[in-house]
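The structure appears below as structure tokens.
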Amino acid sequence: MQKELAGQVIVRPLAGPVRTVAGADCGLCAGGTKIRAAAVLCDAESMVVLATAKVEMPCRFPYVPGLLSFREAPAVIAAVEKLPARPDLLMCDAQGLAHPRGFGLASHVGWWLNLPTIGAAKSRLCGLHGSLGRRKGDRADLMLDDKCIGAVLRTRDNVKPMFISAGHLVSLDDAIEWTLKCCRGVRMPQPTRIADKIVKEP
DNA sequence: GCGACAG
DNA sequence: ATCTTGTCGC
């Protein structure tokens, strides 16, 4: 299914203006029997939080590397749809095209919602890359089968780099640019960072 | 057969 | 993802 849907993913520069950026993240609750997702809508210019949404549902799929979307996408999609408005861009705490079959969670969610999405993961799923400088903005191409599938990006000085890739309806360059724009002095993009915080509160 | 492996 | 103790840097 992923191999087939990967052919429907569109990678190109953002088509319209980005006035709002949303971030989504998941966490477990109820002793690991339920999955909780939070979506945070922010003003793209100031990163001020405009709205938040939270949902909970039973876990219906185990965590299997490469199949994360079958576990988290339903919750992420529900949370984003619960926001008062559709964002112009959505940041996901997972891979987009930087996936063995080119269809990570960010691509899956973007494809389903027909929304521009970016994959900004804290660690690597697949691909190889060379070393990169340790200053904010330093990067290296993430390669798989002789193709560039994403970038390893230092989002602030001296921190572990993040793995950025296009999810859907964005280019890798736009993904990198918006990731840096959303970071504002912290390692994780603000919208995703706040969603992560919400998901963890009791 | 062994190691790697988003969250 | 979650849990856990100590350490490092601003």
Side-chain angles (χ1 to χ4, degrees), chain A residues 1-3 5-6 9 23-40 54-80 90-112 117-129 134-136 140 142-145 148-168 170 172 175-176 179 183-189 191-202:
Chain A
M1 178 190 281
Q2 294 181 324
K3 283 192 250 184
L5 297 183
V9 169
D25 192 27
C26 290
L28 301 177
C29 55
T33 62
K34 296 174 75 180
I35 188 164
R36 170 191 291 159
V40 176
K54 184 169 59 176
V55 300
E56 277 179 24
M57 53 180 74
C59 286
R60 299 179 185 181
F61 205 88
Y63 167 67
V64 179
L67 302 181
L68 179 65
S69 53
F70 295 106
R71 176 177 174 80
E72 300 192 344
V76 170
I77 290 169
V80 173
L90 174 66
M91 310 281 308
C92 295
D93 183 38
Q95 314 289 344
L97 293 191
H99 173 277
R101 290 165 293 283
F103 201 67
L105 175 67
S107 298
H108 199 135
V109 171
W111 170 78
W112 183 273
T117 55
I118 290 172
K122 299 182 294 298
S123 63
R124 185 192 70 95
L125 171 59
C126 63
L128 299 171
H129 66 85
R134 49 186 184 183
R135 304 264 291 167
K136 176 196 295 182
L142 182 60
M143 310 292 291
L144 181 62
D145 297 325
C148 177
I149 56 173
V152 189
L153 177 71
R154 196 83 67 183
T155 53
R156 59 165 300 186
D157 293 357
N158 292 52
V159 296
K160 183 174 186 253
M162 294 202 66
F163 292 74
I164 312 304
S165 58
H168 186 49
V170 293
L172 177 56
I176 290 172
T179 295
C183 282
R184 301 236 165 159
V186 288
R187 184 170 93 111
M188 299 221 297
T192 310
R193 190 167 174 272
I194 297 169
D196 179 78
K197 182 189 170 193
I198 291 176
V199 136
K200 288 174 178 168
E201 50 191 38

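First the proteins, then the strands, lettered A, B, ... as listed; each starts at 1.
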Atom-to-atom span, NZ of A:Lys160 to C1' of B:dA6 - whole angstrom: 10 Å
Phosphate OP1/OP2 of B:dG7: any A:Ser123 side-chain N/O under 4.0 Å: yes
Nearest atoms (heavy-atom pairs only) where A:Ala98 meets A:Leu142: CB-CD2, 3.8 Å
Sugar-phosphate, base or nothing in reach of A:Gly32, heavy atoms under 4.0 Å: nothing
Heavy-atom side-chain proximity of A:Cys126 to A:Ile149 below 4.5 angstrom: yes
Length of the line joining A:Arg101:CZ and B:dC5:P, which is rounded to integer Å: 16 Å
Sugar-phosphate only, base, or nothing, as touched by A:Asp93 at under 4.0 Å among non-hydrogen atoms: sugar-phosphate
Salt bridge (charged side-chain N to carboxylate O under 4.0 Å, His left out), paired with A:Arg36, selected from A:Glu72, A:Glu201, A:Glu56: A:Glu56
Minimum-distance nucleotide to A:Pro65 side chain [options: C:dA1, B:dA6, B:dA4]: B:dA6
Phosphate OP1/OP2 of B:dC5 contacted by A:Arg124 side-chain N/O (<4.0 Å): yes
Whether A:Phe61 and A:Phe70 hold their rings parallel, tilted or perpendicular, with breakpoints at 30° and 60°: tilted
Whole-Å gap separating P (B:dG7) and NE2 (A:His99): 13 Å
Sugar-phosphate, base or nothing in reach of A:Leu28, heavy atoms under 4.0 Å: sugar-phosphate
Nearest-angstrom distance from the residue atom CG of A:Leu125 to C1' of B:dC5: 7 Å
Euclidean distance, atom NZ of residue A:Lys200 to atom P of C:dT4 [Å, nearest integer]: 14 Å
Sugar-phosphate only, base, or nothing, as touched by A:Gln95 at under 4.0 Å among non-hydrogen atoms: base
Considering all heavy atoms, the nearest A:Pro189-A:Met91 contact: CG-CE, 3.7 Å
Nearest-Å distance for atom pair CZ/P, residues A:Arg36 and C:dT2: 9 Å
Centroid distance under 5.5 Å and plane angle under 30°, A:Phe163 vs B:dA6: no
Spacing between A:Lys34 atom NZ and C:dT2 atom P, to the nearest angstrom: 15 Å
Interatomic distance where CG belongs to A:Asp196 and C1' belongs to B:dG7 [whole Å]: 11 Å
Phosphate OP1/OP2 of B:dA6 contacted by A:Lys122 side-chain N/O (<4.0 Å): no
